[in-house]
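These notes concern the structure reproduced below.
Since we're looking at a predicted model, the values are computed, not measured. Throughout, numbering of the chain's residues begins at 1 and tracks the sequence.
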Amino acid sequence: MIKFSNCFAGIRYVRPYYFEFICHVKNRWAGKTIVDMFAEEFKGRPRDYYVSAVKCGRIQVDGQKVHVSYIVQPSQKISHFLHRHEPPVMARDVAVLHEEADVLTVCKPASVPVHPCGQYRKNTVVGILQAEHGLAPLFLHRLDRLVSGLLILARSASKADLFRQQIESGMVQKQYIAKVIGIFPEDEQVVHANVNYNAREGRSTVEVGEVCKNSNTLLKGKAACTKFTRICTDGTHSVVLCKPITGRTHQIRVHLQYAGHPIANDMLYLSEFVSDRSTEGMSADRAAANFGPSRKSNSHRDCIDESAGKSSEDFSFDPMCTNCPDLAPKG
């Protein structure tokens with residue numbers, strides 16, 4: 001892991017590196033050309049990039065180069081070899097609070113994902129613990145990327161299965177504290193509302209039971225319940241204790257929005273009218289280019305430990321990478 005502590009104090013960056021994404025053709029992709037599939041489903045890069053990537057073999061089907069007009073079929077293996085730019089995260093340590101033979105307790109900082117997902121692989125709790133502490137493998141439950149808090153991780157599959165059984169049986173309870181907009185009611189509030197997560201948009205919505213009663217359509221969301229208790233308020237914001245009874249994606253955030261008190265700095269749920277990131281072409285790759293360090297990276301190298309004094313070393317561009325031009329040195 002690289003920590004640039006001079007010009008970019010407080011931010012953790014990873015040198016861009018080469019990585020191969022592998023997936024299988026979904027039914028909705030079948031029948032499209034390989035270029036159309038990528039251009040429509042992965043909008044973070046322009047169509048011209050995908051044309052070039054197919055022509056030079058960076059995108060392959062079942063391990064073979066194909067023509068740009070090739071029609072993909074269900075279940076085929078698609079591989080995409082690319083120059084990967086991870087988004088930066090806050091450079092706060094993942095503090096190891098307690099370590100046992102089969103259990104590890106850490107303090108997760110905000111902005112850092114727990115495990116590899118999306119455009120994050122090294123800038124994750126798992127990646128940092130492996131790189132800086134040699135701790136692997138780890139079996140874990142997830143906290144949202146923007147949430148900080150205590151994580152109790154299993155260090156063996158058997159211990160992880162025990163944790164799963166305890167959580168499913170209600171023996172383990174989770175509590176969160178959130179700062180929300182407005183004066184939250186003084187009495188305990190219990191929100192029962194289905195949560196429907198849209199992976200493509202990256203956000204959840206609430207569905208209430210009346211939808212099902214008044215129409216023949218079934219609710220798509222999963223049943224969810226959260227209890228909220230106000231801790232204090234200053235008349236503008238409130239600090240609220242949140243106890244999720246179920247564990248749905250973004251449950252607390254979307255339930256607070258539904259209750260009329262969204263989390264104060266949660267830009268995803270402060271408004272009901274949030275633009276669809278998939279249509280904006282703003283992928284995490286693009287975010288890394290916009291907010292990453294203004295420098296280049298050595299090709300074919302994963303992650304290099306270096307002191308702040310060496311952080312100004314020039315990187316070498318990948319000529320096909322759509323993000324590298326945004327990393328040109330400035331000053």
Just do the side chain to side chain contact (heavy atoms under 4.5 Å, CB included) check on Val94 and Val96 with the steps written out, would you?
CA-CA 6 Å; Val94 180; Val96 177; 6.0 Å; no

Below 4.5 Å, heavy atoms only, C-beta onward: do [X] and [Y] meet side chain to side chain?
X: Thr249; Y: Val195; answer: no
X: Tyr197; Y: Arg203; answer: no
X: Leu270; Y: Ile181; answer: yes
X: Leu268; Y: Arg253; answer: yes
X: Thr33; Y: Ile71; answer: yes
X: Leu151; Y: Val114; answer: yes
X: Arg121; Y: Arg84; answer: yes
X: Leu129; Y: Val106; answer: yes

Taking all atoms of both residues into account, what is the closest heavy-atom pair of [X] and [Y], and its distance?
X: Met90; Y: Ala110; value: SD-O, 3.9 Å
X: Val51; Y: Val68; value: O-CG1, 3.9 Å
X: Glu201; Y: Asn198; value: N-OD1, 3.1 Å
X: Asn123; Y: Pro87; value: ND2-O, 3.1 Å
X: Ser238; Y: Thr233; value: OG-OG1, 3.1 Å
X: His237; Y: Ala264; value: CD2-CB, 3.8 Å

Quick one: are the ring centres of Phe163 and His141 less than 6.0 Å apart?
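Aromatic pair excluded; centres sit 6.0 Å or further apart.
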
For His83 and Phe317, I'd like to know if the aromatic rings sit close, meaning centre-to-centre distance below 6.0 Å.
no

Checking [Y] against [X]: is there a side-chain donor and acceptor pair closer than 3.5 Å?
X: Glu86; Y: Tyr13; result: no
X: Gln251; Y: Thr246; result: yes
X: Gln76; Y: Tyr70; result: yes

Hydrophobic clusters here meaning ILVMFWY residues chained together by side-chain heavy-atom distances under 4.5 Å, can you tell me if [X] and [Y] are in one?
X: Tyr176; Y: Val240; value: yes
X: Leu97; Y: Val126; value: no
X: Met320; Y: Leu82; value: yes
X: Leu146; Y: Ile252; value: no
X: Phe21; Y: Val54; value: yes

Salt bridge (charged side-chain N to carboxylate O under 4.0 Å, His left out) partners for Arg248, two or more places apart
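For Arg248, no residue satisfies salt bridge (charged side-chain N to carboxylate O under 4.0 Å, His left out) once neighbours in sequence are set aside.
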
Measuring from atom [atom1] of [X] to atom [atom2] of [Y], what distance do you get when rounded to the nearest 0.5 angstrom?
X: His24; Y: Ser75; atom1: NE2; atom2: OG; value: 7.5 Å
X: Ile59; Y: Ser52; atom1: CD1; atom2: OG; value: 9.5 Å
X: Ile34; Y: Lys65; atom1: CD1; atom2: NZ; value: 13.5 Å
X: Cys225; Y: Asn194; atom1: SG; atom2: CG; value: 11.0 Å
X: Arg28; Y: Met37; atom1: CZ; atom2: CE; value: 10.0 Å
X: Cys117; Y: His115; atom1: SG; atom2: NE2; value: 6.0 Å

Partner of Tyr269 under side-chain hydrogen bond (donor to acceptor under 3.5 Å, both in side chains), chosen from His255, His250, Gln257
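With Tyr269 as partner, His255, His250, Gln257 yield a single side-chain hydrogen bond (donor to acceptor under 3.5 Å, both in side chains), made by His250.
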
Can you tell whether the side chains of [X] and [Y] come within less than 4.0 Å, N to carboxylate O?
X: Arg58; Y: Asp318; answer: yes
X: Lys77; Y: Asp62; answer: no
X: Lys32; Y: Glu40; answer: yes
X: Asp144; Y: Arg142; answer: yes

Stepwise side chain to side chain contact (heavy atoms under 4.5 Å, CB included) test for Gln73 and Val25:
CA-CA 7 Å; Gln73 302 299 324; Val25 176; over 6 Å; no

Pairs meeting criterion side chain to side chain donor-acceptor pair (under 3.5 Å) with involvement of residues 99-111, two or more places apart:
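As it turns out, the side chain to side chain donor-acceptor pair (under 3.5 Å) pairs with a partner in residues 99-111, which skip direct neighbours, are His98-Glu100, Glu99-Arg155.
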
Passes side chain to side chain contact (heavy atoms under 4.5 Å, CB included), Tyr120 versus Arg145? Steps please.
CA-CA 10 Å; Tyr120 296 92; Arg145 180 177 64 85; 3.6 Å; yes

Just wondering, more than 12 heavy atoms not from Ile152 lying within 6.0 Å of its CD1?
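12 or below, so no.
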
Worked check of side chain to side chain contact (heavy atoms under 4.5 Å, CB included) between Ile22 and Ile78
CA-CA 6 Å; Ile22 296 177; Ile78 306 293; over 6 Å; no

Classify the ring geometry of Tyr49 against His80: parallel below 30°, tilted from 30° to 60°, perpendicular beyond 60°.
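Plane angle between 30° and 60°, so tilted.
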
Over 60° means perpendicular and under 30° means parallel, so tell me whether Phe38 and Phe42 are parallel, tilted or perpendicular.
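Answer is tilted, since the angle falls between 30° and 60°.
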
Does Arg47 qualify as a cation-pi partner of Tyr50, given the criterion of NZ or CZ under 6.0 Å from the six-membered ring centre and within 45 degrees of its axis?
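Because its charged atom misses either the 6.0 Å distance or the 45° angle limit, Arg47 does not stack over Tyr50.
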
Please check this pair: side chain of [X] against backbone of [Y], looking for a donor-acceptor N/O pair closer than 3.5 Å.
X: Gln165; Y: Leu162; answer: no
X: Glu207; Y: Lys220; answer: yes
X: His133; Y: Leu135; answer: no

Using atom types as modelled, flag every donor-acceptor pair under 3.5 Å from a side chain in residues 184-192 to any protein atom, sequence neighbours excluded.
unit_1	atom_1	unit_2	atom_2	d
Gln189	NE2	Asp187	O	3.1

